[in-house]
Amino acid sequence: MSDAASGVEPGPVRPSGPARLTVVSGPSGVGKSSVLDELRRQAPEVYFSVSVTTRRPREGEVDGVHYHFVRPTEFERMVADGEMLEHARYAGNRYGTPRNPVERALATGRDAVLEIELQGARQVRRSMPEAQLVMLLPPSWEALVQRLTGRGTEDPEVVRARLETARQELAAEPEFDATVVNADVRAATSELVRLVTGRGAGGADPDPGRGAGGPAVGDTAVGGPAVEGPDGGGRQAGASPGAEDTERFA
Ligand code: 5GP
């Protein structure tokens, strides 16, 4: 992959403090792409990592923009040469984050975002403990089920497998520094802008959501309606995680 393909342009230098790396994860169906698209609009100065994948492009996906689409041998070479910040296998394909563009963005003072799945998020936690891990949550388990089954075109077995994966991903929530509930794309994105760039929402908190077990950040729903996990356990959207929350989606 050439430098030109890395997509890193010199960005504005943050007025204070080092640039921040934010990892955004969340189960399939939670609305990650809508929120991330909106984040690109609201925070164009942020560097968004372009992952490498062995899966085939979907219709409308552009090589070098949505992903760098490579053959398995090239993916292997990049892993062997230490070019991946993290990498994982997901749904039969391989995905990885090219290390250099992210490191260069951060070195030039530019905040950076990775949108990756759970195994990759865990690797980043280990290799870059200063990175901030944010989990995007559905407003309720039912809402997620609705999103994953709503189209009604999927094989029930495929839907069941996706729901099981989603359940496992949601159970990892306590490993994350902050959560954002996607009940409304714009509200969820505003929270994410604040976490990723440290700006907005009064701007008083220079380092929001840091530290495992730190405050969960919801959308506008603090004090809002309690929502139910698949086990029927109620939860308060946007509330701080407690021991009882560990299994709220489990
Ligand atoms: P999709 O094939 O639907 O674009 O992505 C499938 C999953 O792979 C999503 O959960 C997405 O977040 C994750 N993913 C995309 N790029 C990367 C990456 O570079 N590393 C890891 N670990 N996961 C990724």
Side-chain angles (χ1 to χ4, degrees), residues 1 5-8 21-40 46-72 74-106 112-128 131-138 144 147-148 151 153-154 158-159 161-173 175-176 179-180 182 188 192 196 249:
M1 192 179 60
S6 73
V8 180
L21 176 62
T22 301
V23 173
V24 179
S25 293
S28 166
V30 80
K32 266 180 297 181
S33 6
S34 310
V35 171
L36 270 286
D37 284 350
E38 182 60 23
L39 182 62
R40 282 187 181 85
V46 170
Y47 172 67
F48 290 85
S49 168
V50 179
S51 295
V52 178
T53 183
T54 60
R55 85 151 160 74
R56 289 179 190 282
R58 296 188 186 122
E59 200 169 324
E61 284 183 333
V62 178
D63 187 33
V65 175
H66 298 95
Y67 281 103
H68 299 288
F69 296 99
V70 300
R71 295 178 188 283
E74 171 63 359
F75 193 98
E76 276 307 323
R77 186 202 62 73
M78 292 182 77
V79 172
D81 289 351
E83 292 180 17
M84 297 292 200
L85 183 59
E86 60 73 39
H87 60 96
R89 199 177 287 276
Y90 186 92
N93 295 300
R94 306 195 68 185
Y95 296 83
T97 302
R99 179 191 301 278
N100 273 348
V102 175
E103 288 183 348
R104 267 184 290 148
L106 294 171
V113 169
L114 315 182
E115 188 258 287
I116 61 177
E117 51 67 70
L118 181 58
Q119 304 162 65
R122 286 175 170 153
Q123 289 171 44
V124 175
R125 163 106 301 157
R126 281 195 294 275
S127 63
M128 299 178 80
Q132 160 177 250
L133 268 52
V134 178
M135 182 175 276
L136 201 55
L137 294 175
L144 190 67
R147 286 286 300 271
L148 287 174
R151 282 165 289 187
T153 50
E154 308 280 5
V158 172
V159 171
R162 284 196 192 151
L163 286 173
E164 175 53 23
T165 304
R167 195 189 61 74
Q168 288 168 15
E169 287 168 337
L170 289 170
E173 185 202 312
E175 297 174 43
F176 283 68
T179 57
V180 172
N182 184 23
L192 207 48
V196 167
F249 281 113

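When a ligand or atom number is given, it counts from 1 through the structure's own listing order. Nothing here was measured: the structure is a model prediction, and the numbers come from that model.
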>> With side chain to side chain contact (heavy atoms under 4.5 Å, CB included) as the criterion, how do R122 and V124 come out once you've worked through the C-alpha distance, each side chain's angles and the decisive distance to 0.1 Å?
In response: CA-CA 5 Å; R122 286 175 170 153; V124 175; over 6 Å; no

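Side-chain atoms of R94 do not come within 3.5 Å of backbone N or O of R89 as any donor-acceptor pair. With hydrogens and angles disregarded, a donor-acceptor distance shorter than 3.5 Å links the side chain of S25 to the backbone of I116.
Between L170 and the choices V30, L118, L137, the side chain to side chain contact (heavy atoms under 4.5 Å, CB included) rule is met once, by L137.
Of the protein's heavy atoms, Y67 OH, 2.5 Å lies nearest to atom 4 (O) of ligand 1. Among all protein heavy atoms, the one lying closest to atom 19 (O) of ligand 1 is S51 OG, 2.6 Å. Counting protein heavy atoms only, atom 23 (N) of ligand 1 is closest to E117 N, 3.2 Å. Of the protein's non-hydrogen atoms, Y95 OH, 2.5 Å is the one closest to atom 2 (O) of ligand 1.
Within ligand 1, the atoms closer than 4.0 Å to a non-hydrogen atom of E115 are 11 (C), 12 (O), 14 (N), 15 (C), 16 (N), numbered from 1 in the order shown. Near R55, the atoms of ligand 1 lying under 4.0 angstrom from a non-hydrogen atom of the residue are 1 (P), 2 (O), 4 (O). Taking every heavy atom of Y90 and a limit of under 4.0 angstrom, the matching atoms of ligand 1 come to 6 (C), 7 (C). Heavy-atom proximity to G120, at under 4.0 Å, picks out these atoms of ligand 1: 22 (N). Every atom of ligand 1 is numbered from 1 in the order shown, and the set under 4.0 Å from a heavy atom of A88 is 22 (N).
At least one heavy atom of R58 sits under 4.0 Å from some atom of ligand 1. Note on ligand 1: K32 sits in its first shell, one or more heavy atoms being nearer than 4.0 Å. For the ligand labelled ligand 1, residue E86 lies inside the 4.0 Å heavy-atom shell.
Side-chain contact check for Q123 and Q119: no donor-acceptor pair (N or O, by modelled atom type) lies under 3.5 Å.
Considering only heavy atoms from C-beta on, V113 comes within 4.5 Å of L36 through its side chain.
Comment: R125 does not engage E175 in a salt bridge, judged by the lack of any side-chain N to carboxylate O separation of less than 4.0 angstrom. Electrostatic pairing of R77 and E74 counts as a salt bridge here, judged by a charged N lying under 4.0 Å from a carboxylate O. Electrostatic pairing of R55 and E61 counts as a salt bridge here, judged by a charged N lying under 4.0 Å from a carboxylate O.
For atom 21 (C) of ligand 1, the candidate residues are I116, V124, V30, L118; the nearest heavy-atom contact is made by I116.
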